[in-house]
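Here the structure comes first, spelled out in structure tokens, and everything after it is commentary.
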Amino acid sequence: MHAGVKSALASLWYVSDVATLGLMTEFYQQLRTAPIKAEALRQAQLAMLRGEVRLQDGYLVRSGKNQALPLPSELTARGDRNLSHPYYWAAFTMIGSPW
């Protein structure tokens with residue numbers, strides 16, 4: 001904010017790198033159609049809560065969107081993971097202008 005940006009997306013506590021990858025991927029997808037950035041974040045968090053964003057068979061899977069992104073080998077070693085627990089997505093907040 002000090003650098004002059006209109007808004008910033010930040011975590012309030014330490015978060016999982018793999019879960020952050022999932023949240024940010026979904027956030028940027030939602031940003032394409034969301035009217036404001038805060039809504040894109042909310043939709044991404046809801047998608048994670050519903051289990052629509054998860055790690056499965058070495059891919060980041062976005063349910064219902066027929067999209068699976070291959071993960072780097074260092075992330076695939078962590079195995080499948082359901083990212084619906086609030087630990088993975090609740091730390092993120094938007095500060096500044098939501099537009």
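Only heavy atoms go into these numbers, but all of them, side chains included; no hydrogens, no water, no symmetry mates. Positions are given from 1, in the same order as the sequence printed here.
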Do [X] and [Y] come within less than 4.5 Å of each other through their side chains, counting heavy atoms only?
{"X": "Leu55", "Y": "Val18", "answer": "yes"}
{"X": "Leu60", "Y": "Leu21", "answer": "yes"}
{"X": "Arg54", "Y": "Arg81", "answer": "no"}

Using a 3.5 Å distance criterion without hydrogens, assess whether the side chain of Ser16 forms a donor-acceptor pair with backbone atoms of Ala19.
yes

Review item, side-chain donor-acceptor pairs of residues 87-96, under 3.5 Å, at least two apart:
{"from": "Trp89", "atom 1": "NE1", "to": "Ser84", "atom 2": "O", "distance (Å)": "2.9"}
{"from": "Trp89", "atom 1": "NE1", "to": "His85", "atom 2": "O", "distance (Å)": "3.3"}

Provide the closest heavy-atom pair for Gln30 versus Ala44 in the form atom of the first, atom of the second, distance.
CG-N, 4.0 Å

Closest non-hydrogen atoms of Ser7 and Ser97, given as atom of the first, atom of the second and distance, are CB-O, 3.0 Å

Not counting sequence neighbours, which residues clear side chain to side chain donor-acceptor pair (under 3.5 Å) with Glu39? List them please.
Arg42, Gln43

Could you state the interatomic distance from CG (Leu46) to CD (Glu52), rounded to the nearest 0.5 Å?
8.5 Å

Any chain of hydrophobic side-chain contacts (each under 4.5 Å) joining Tyr59 to Leu83?
no

Applying a strict under-4.5 Å side-chain criterion to I, L, V, M, F, W and Y, I'd like to know whether Leu41 and Met48 cluster together.
yes

Residues Arg62 and Glu26 bridged, charged N to O under 4.0 Å:
yes

